[in-house]
Visitor: 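Before I ask anything, here is the structure I am working with.
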Amino acid sequence: GKIPAVIYGDKQAPVSIAIDRNEITKRIFGGGFMTTTFTVEVGKDKYMVLPKDYQLDPVRDFVMHVDFLRISEKSMVTVAVPVHFINEDKCPGIKLGGVLNIVRHEVEFNCPANAIPESITVDLISAGLGDSLHISAVKLPANVTPVITDRDFTIATIAAPAGLKSDSAEAEETVAEEAEGETEE
């Protein structure tokens with residue numbers, strides 16, 4: 001009922017441990033595992049750790065091994081944080097028939113190990129048809145910065161459905177043809 005795991009990092013020797021398979025499986029498949037810090041007791045020692053990787057059996061999806069990064073209160077870590085969207089039902093672009101096109105389901109951040117956000121929230125209340133939602137529009141917690149700093153990357157867009165695009169294109173062509181007909185007369 002146990003699986004191997006290793007605790008490494010923080011300029012100390014790695015520590016090999018065995019952890020309960022059922023408990024770790026529940027935590028992994030319960031969500032948020034890779035962004036949650038844990039305190040692991042090994043004998044008399046306690047380690048504050050952050051999961052960095054885990055391996056699953058390729059056939060049966062059983063957890064086979066877990067890697068934990070040893071962290072301290074002052075550690076800065078890089079983690080992938082899930083993106084959640086709110087106010088989809090009130091979004092003007094979606095009400096007009098647009099579709100939420102999620103470009104990034106999670107975003108990598110540098111943040112303090114003791115203040116990892118569970119998720120970031122993107123508010124769609126003012127997003128119109130054809131709008132792009134960028135990282136600069138998201139309110140981030142203190143000391144949390146995106147790993148990508150060289151550009152204002154897109155998290156999601158409100159895309160017009162194909163039928164709506166062709167209707168508006170036909171309407172524009174009709175208006176253009178009518179305008180040409182008026183100038184020829």
Side-chain angles (χ1 to χ4, degrees), residues 5 7-10 19 22-40 46-56 61 63 65-165 168:
I7 300 172
Y8 64 91
D10 205 24
I19 53 179
N22 290 336
E23 179 66 26
I24 205 71
T25 301
K26 287 178 193 171
R27 292 188 185 251
I28 288 172
F29 293 113
F33 177 70
M34 299 299 283
T35 59
T36 304
T37 57
F38 298 96
T39 301
V40 177
K46 288 185 180 181
Y47 302 105
M48 192 165 130
V49 298
L50 178 69
K52 285 310 274 182
D53 193 19
Y54 59 89
Q55 289 82 40
L56 299 176
D61 273 349
V63 180
H65 180 80
V66 181
D67 292 344
F68 292 104
L69 177 65
R70 187 183 297 120
I71 55 176
S72 66
E73 295 293 325
K74 297 176 186 173
S75 297
M76 291 294 283
V77 294
T78 301
V79 291
V81 176
V83 179
H84 293 168
F85 297 91
I86 58 171
N87 292 322
E88 284 183 60
D89 56 334
K90 298 175 185 171
C91 176
I94 293 175
K95 282 184 176 180
L96 290 172
V99 177
L100 177 62
N101 178 25
I102 302 172
V103 177
R104 293 180 182 267
H105 290 275
E106 54 186 27
V107 177
E108 279 196 337
F109 291 105
N110 293 318
C111 58
N114 60 354
I116 299 170
E118 242 179 72
S119 64
I120 60 167
T121 303
V122 177
D123 194 351
L124 301 173
I125 194 78
S126 62
L129 207 54
D131 285 356
S132 292
L133 305 158
H134 300 278
I135 190 66
S136 61
V138 178
K139 176 107 173 82
L140 299 176
N143 298 322
V144 174
T145 57
V147 170
I148 300 171
T149 56
D150 59 340
R151 65 187 188 280
D152 188 18
F153 58 89
T154 303
I155 296 175
T157 61
I158 305 296
L164 189 60
K165 284 182 186 174
S168 64

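These numbers come from the heavy atoms of this one structure, side chains and all, not from hydrogens, waters or symmetry mates.
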Visitor: Please name the pair of heavy atoms, one in Ser136 and one in Asp152, separated by the smallest distance, quoted to 0.1 Å.
Guide: OG-OD2, 2.6 Å
Visitor: Looking only at atom types and distance, does a side-chain atom of Arg70 sit under 3.5 Å from a main-chain N or O of Gly9, one as donor and one as acceptor?
Guide: yes
Visitor: Can you sort out the partners of Val99 under side-chain contact (heavy atoms from CB on, under 4.5 Å), two or more places apart, ordered by chain and number?
Guide: none
Visitor: Among all residues two or more places apart in sequence or in another chain, which pass the side-chain contact (heavy atoms from CB on, under 4.5 Å) test with Asp61?
Guide: Leu56
Visitor: I'd like to know whether Val83 forms a side-chain contact (heavy atoms from CB on, under 4.5 Å) with Ile102, so could you lay out the CA-CA distance, the side-chain angles of the two residues, the decisive distance to 0.1 Å, and finally the verdict.
Guide: CA-CA 9 Å; Val83 179; Ile102 302 172; 6.0 Å; no
Visitor: Which heavy atom of Glu106 sits nearest a heavy atom of Ala80, and at what distance?
Guide: OE2-CB, 3.6 Å
Visitor: Applying side-chain contact (heavy atoms from CB on, under 4.5 Å), run through Leu133 and Leu124 and close with a yes or a no.
Guide: CA-CA 9 Å; Leu133 305 158; Leu124 301 173; 3.2 Å; yes
Visitor: Which heavy atom of Ala5 sits nearest a heavy atom of His65, and at what distance?
Guide: CA-CE1, 3.9 Å
Visitor: Tell me every residue that passes side-chain contact (heavy atoms from CB on, under 4.5 Å) with Thr154, counting only those two or more places apart in sequence or in another chain.
Guide: Val103, Ser132, His134, Thr157
Visitor: Which atoms form the tightest heavy-atom contact between Ala113 and Ile71, and what is the distance?
Guide: CB-CD1, 3.4 Å
Visitor: May I have all residue pairs that pass side-chain hydrogen bond (donor to acceptor under 3.5 Å, both in side chains) and include part of residues 116-128, sequence neighbours excluded?
Guide: His84-Ser119, Asn87-Asp123
Visitor: So how far is it from Ile120 CD1 to Arg104 CZ, rounded to the nearest 0.5 Å?
Guide: 10.0 Å
Visitor: What residues form a side chain to side chain donor-acceptor pair (under 3.5 Å) with Asp53, not counting sequence neighbours?
Guide: Gln55
Visitor: Taking only residues two or more places apart in sequence or in another chain, which ones pass side chain to side chain donor-acceptor pair (under 3.5 Å) with Arg27?
Guide: Glu23
Visitor: Which atom pair, heavy atoms only, marks the closest approach of Ile158 to Ala127?
Guide: CG1-CB, 3.8 Å
Visitor: Report the distance from atom OG of Ser75 to atom CG of Asp10, rounding to the nearest 0.5 Å.
Guide: 5.5 Å
Visitor: To the nearest 0.5 Å, what is the distance between CD1 on Ile24 and CD1 on Ile19?
Guide: 4.0 Å
Visitor: Could you name each residue pair satisfying salt bridge (charged side-chain N to carboxylate O under 4.0 Å, His left out) that touches residues 81-102, not counting sequence neighbours?
Guide: none
Visitor: Quick check: closest heavy atoms across Asn110 and Pro146, and the distance to 0.1 Å?
Guide: ND2-O, 4.5 Å
Visitor: Hey, what do you get for CZ (Phe68) to CG (Leu50), rounding to the nearest 0.5 Å?
Guide: 9.5 Å
Visitor: Rounded to the nearest 0.5 Å, what separation is found between the NZ atom of Lys52 and the CG atom of Asp67?
Guide: 10.5 Å
Visitor: Who passes side-chain contact (heavy atoms from CB on, under 4.5 Å) against Pro112, sequence neighbours left out?
Guide: Met76, Asn114, Ala115, Asn143
Visitor: Checking His105 now: which residues fulfil side chain to side chain donor-acceptor pair (under 3.5 Å) with it, not counting sequence neighbours?
Guide: none
Visitor: Checking side-chain contact (heavy atoms from CB on, under 4.5 Å) for the pair Phe109/Val147: CA distance, chi angles, key distance, verdict?
Guide: CA-CA 5 Å; Phe109 291 105; Val147 170; 5.6 Å; no
Visitor: Name all residues meeting the side chain to side chain donor-acceptor pair (under 3.5 Å) criterion together with Thr35; count only those two or more places apart in sequence or in a different chain, and write none if there are none.
Guide: none
Visitor: Taking only residues two or more places apart in sequence, or in another chain, which ones meet Phe38 in a ring-ring contact (aromatic ring centres under 6.0 Å, His included)?
Guide: Phe33
Visitor: Going from CD1 on Ile135 to OG1 on Thr149, what distance comes out if it is rounded to the nearest 0.5 angstrom?
Guide: 12.0 Å
Visitor: Flag the pair Cys91 / Phe85 as yes when at least one side-chain heavy-atom distance between them is below 4.5 Å, and no otherwise.
Guide: no
